[in-house]
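Taking it in order: structure first as structure tokens, then the write-up.
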Amino acid sequence: MSRIVVVSNRVPLPAGNAGQAGGLAVALLGLMRRRGGLWFGWSGAVSDVTEPSFTRRGAVGYATLDLTEAEHRGFYTGYANGVLWPMLHGLSHLMQFRRQDLESYREVNQRFADRLVPLLKREDLIWVHDYHLLPLPGALRGRGVGLPTGFFLHVPFPAPEAVAVAPGIRGLLKDVLAADLLGFQTEADRENFAAAAITFTPAQRFDQHHLQFGGRQVRLGVFAAEISARDFAATAAVQCHAEPARLLARSLSGQALLLGVDRLDPTKGLPERLEAFGRVLARRPGRDVTFLQIAAPSREEVAAYRDLRQDLDSAGGALNSDHGEPDWTPLRLIARPQARDTVAGFMRLARVGLVTPLRDGMNLVAKEYIAAQDPADPGVLVLSRFAGAAAQLQDALLVNPHDVEAMAEAVLQALDMPLGERQARWRACWAAIAGASPEGWGEAFLRALSPEALAALPVAGRA
Ligand code: ADP
Ligand code: F6P
């Protein structure tokens, strides 16, 4: 069997930089632990050390590089999270472009390629992840690497006119087209990518699943990221009796719990969610609900994230001072990550799960909330139409997160929903995720990247 080489900016090292909440690590950890292989990327540290560090846990070897302060500022904070992230989520008004950040982004990708090439073996399959590393497939081919190379985009891909606003994007699209297989979360993302590739590069559409570029076929696939729903369900069933969940339940004194769990990120629609909750309180004065929003700080070097933290603190304070009583605060806003197991227990207690991003590639929290429910007495998921997960979880209460009144109505509907309807909706959502796993997701991608699958490409096959 081929060795898998995963390349991602964020690497959940065994020694514990994994406190960083995020979908990528959750999606890949199980697969890597089971299959083994090499995981290459950023160590999470900022220093002037240029040599990679190596460590191993079980069958997984980790090779990581520190970023210099300038690289962290330019590559990670500046271009990846200050330009690509907002653009890919349709929030281009948050973009802050500086030409030197784009240079740094390109250079870090070249440096990753330089350091990765000597570690590669003849039978390897290379799997590159996410928007931080768009140039990497091109950088590897430029160094003569002919190994099967796949790229998966964890975030959404918007329509060509939205893509066009990111300076430098044309070159990056050409670079990523050096991969053999490009994977997306949804069909809409795949179609948008194909349209952008045709608009901004010489690529041509060959058929639904292939582009032709530089005399080669590039396969396009849809691979919705998954969680281990059954494992998460089992964890939630245990954790809802553990100390943190018991304390939370006791503090509620019978009130219904509304729960949000997110990274503190402008894409997650947190201000709109708080506003919707304010309208719920205005229309339901019985003091019988509490909203717990857990928002793990993320990318605090980026101005938009710092501004968001301030806005949330102030909106949360206003909400409690407007609606609170001497013996009751309706909102609990926790800006710290919580252990994933603890979160699973909280999810099972929650009558309503609020997952209302303005835009999201997939959103694993939506799947986790469904998995965590008690089938006999499930809560209701209020889910943004603009999360990739909505394509699978059609029986959630789907909302437009820009319409705060409609979100408030959905919450009220969820709070009053009869048991029979809650069960029916939950069963349909559960059926959509119960059989899936991150390992299955990863294996499907790796099968499509196998030399046999690539040899079956239409026309000339790989160059
Ligand atoms: P993203 O990749 O944008 O962070 P996802 O919803 O796909 O969003 O994945 C987030 C993962 O990180 C989930 O497994 C979720 O449980 C976890 N997570 C997100 N926010 C928190 C938090 N505040 N505390 C603990 N875990 C969190
Ligand atoms: O899922 C999107 C993503 O950007 C992942 O690539 C990343 O691991 C996660 O969100 C958390 O972001 P960061 O690595 O910037 O902390």
Side-chain angles (χ1 to χ4, degrees), residues 6-13 17-30 39 41-44 67 72 75-82 84-86 88-89 128-134 151-157 185 224-229 231-232 235-236 239 244 259-270 292-302 305 312 332-347 353-372 381 383-384 387-390 393 438 441:
V6 161
V7 191
S8 62
N9 177 59
R10 185 69 67 183
V11 179
L13 285 168
N17 69 347
Q20 300 277 357
L24 185 147
V26 170
L28 281 166
L29 257 174
W39 200 328
W42 178 36
S43 63
L67 294 178
H72 187 259
F75 156 77
Y76 176 75
T77 303
Y79 193 73
N81 288 313
L84 289 178
W85 176 271
L88 290 164
H89 287 83
V128 181
H129 290 263
D130 235 356
Y131 59 98
H132 314 85
L133 301 176
L134 289 169
F151 178 94
F152 184 78
L153 189 69
H154 289 255
V155 299
F157 199 92
Q185 298 271 23
E226 300 291 354
I227 62 161
S228 299
D231 291 350
F232 200 84
T235 303
Q239 288 294 325
L259 179 66
V261 180
D262 307 76
R263 281 184 307 102
L264 210 162
D265 190 294
T267 61
K268 302 291 182 184
L270 297 170
L292 170 60
Q293 174 63 55
I294 302 171
S298 175
R299 306 174 192 164
E300 292 168 279
E301 311 80 7
V302 184
Y305 289 68
L312 275 186
R332 303 177 190 182
L333 182 57
I334 312 285
R336 287 189 306 281
Q338 307 289 310
R340 196 161 177 251
D341 286 3
T342 302
V343 169
F346 291 176
M347 285 177 170
L354 283 169
V355 182
T356 55
L358 304 178
R359 195 82 184 79
D360 214 325
M362 175 51 56
N363 199 297
L364 298 180
V365 172
K367 295 182 174 182
E368 290 169 351
Y369 179 75
I370 292 297
L381 175 63
L383 176 61
S384 165
L393 303 176
W441 164 77

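One is the number of the first residue; the rest follow in order along the sequence. Remember, it's a predicted structure, so these values are computed and weren't measured experimentally. Numbering of ligands and ligand atoms starts at 1, following listing order.
The residue from R263, K268, H154 that puts a heavy atom closest to atom 8 (O) of ligand 1 is K268. In this structure, of T267, D265, L28, D130, the residue bringing a heavy atom nearest to atom 5 (C) of ligand 2 is D130. Ranked by closest heavy atom to atom 14 (O) of ligand 1, the top entry among R10, E368, M347 is E368. In this structure, of Q185, R299, R10, the residue bringing a heavy atom nearest to atom 12 (O) of ligand 2 is R299. Nearest-residue assignment for atom 21 (C) of ligand 1 (options V365, V155, V261; heavy-atom criterion): V261.
Separation of atoms CD1 (I227) and NZ (K367) is listed at 7.5 Å; rounding is to 0.5 Å. Between D262 atom CG and L354 atom CG the span is 9.5 Å, to the nearest 0.5 Å. Atom CE in M347 sits 10.5 Å away from atom CG in L292 (nearest 0.5 Å).
With ligand atoms numbered from 1 in the order given, ligand 2 contributes 6 (O) to contacts under 4.0 Å with heavy atoms of H132. Short contacts between ligand 1 and N363, defined as distances under 4.0 Å to a heavy atom of the residue, involve ligand atoms 6 (O), 7 (O). Ligand-side atoms of ligand 2 in range of W85: 2 (C), 4 (O), range being under 4.0 angstrom from any heavy atom. In the vicinity of R340, heavy-atom distances shorter than 4.0 Å reach the ligand 1 atoms 14 (O). Atom numbering of ligand 2 starts at 1 in the shown order; those under 4.0 Å from a heavy atom of Y76 are 13 (P), 15 (O), 16 (O). Within the listing of ligand 1, atoms 22 (C), 23 (N) sit less than 4.0 angstrom from a heavy atom of A296. Here is the list of ligand 2 atoms found below 4.0 Å of a heavy atom in L24: 5 (C), 6 (O), 8 (O). Listed by number with element, the atoms of ligand 1 under 4.0 angstrom from any heavy atom of P337 are 24 (N). Atoms of ligand 1 lying under 4.0 Å from at least one heavy atom of I294, given by number and element, are 23 (N). Which parts of ligand 2 touch Y131 is read off a 4.0 Å heavy-atom cut-off, strictly below it: atoms 4 (O).
In this structure, L134 and L84 have side chains that are in contact, with non-hydrogen atoms separated by less than 4.5 Å. No side-chain heavy atom of Y369 sits less than 4.5 Å from a side-chain heavy atom of L383. The side-chain heavy atoms of F157 and Q185, taken from C-beta on, include no pair separated by under 4.5 Å. Under the 4.5 Å side-chain criterion, counting only non-hydrogen atoms from C-beta, L381 is in contact with I370. Contact check for H129 versus F152: side-chain heavy atoms found under the 4.5 Å cut-off. Within the 4.5 Å cutoff, side-chain heavy atoms of H72 are placed close to those of T77.
At a heavy-atom distance under 4.0 Å, no atom of H129 approaches ligand 2. At a heavy-atom distance under 4.0 Å, no atom of D265 approaches ligand 1. Neither the backbone nor the side chain of M362 has any atom closer than 4.0 Å to an atom of ligand 1 (non-hydrogen atoms only).
Assignment of M362 to the shell around ligand 2 is not supported, since no heavy atom sits closer than 4.0 Å.
For ligand 1, none of its N or O atoms has an N or O atom of L24 under 3.5 Å away. The shortest N or O to N or O distance between Q338 and ligand 1 is below 3.5 Å. For ligand 2, the polar-atom distance check against S298 finds no nitrogen or oxygen pair separated by under 3.5 Å.
Taking the ring centroids of W42 and F75, they lie at or beyond the 6.0 Å cut-off.
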Return all side-chain donor-acceptor pairs below 3.5 angstrom for residues 357-366, not counting sequence neighbours, or 'none' if the list is empty.
unit_1: R359; atom_1: NH1; unit_2: F386; atom_2: O; d: 3.0
unit_1: D360; atom_1: OD2; unit_2: K268; atom_2: NZ; d: 2.8
unit_1: D360; atom_1: OD2; unit_2: N363; atom_2: ND2; d: 2.8
unit_1: N363; atom_1: OD1; unit_2: V365; atom_2: N; d: 3.0
unit_1: N363; atom_1: OD1; unit_2: A366; atom_2: N; d: 3.1

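Aromatic ring pairs are classed by plane angle as parallel below 30°, tilted from 30° to 60° and perpendicular above 60°; the pair Y76 and H132 is parallel. Ring pair H89/W85 is tilted by interplanar angle, where 30° to 60° counts as tilted.
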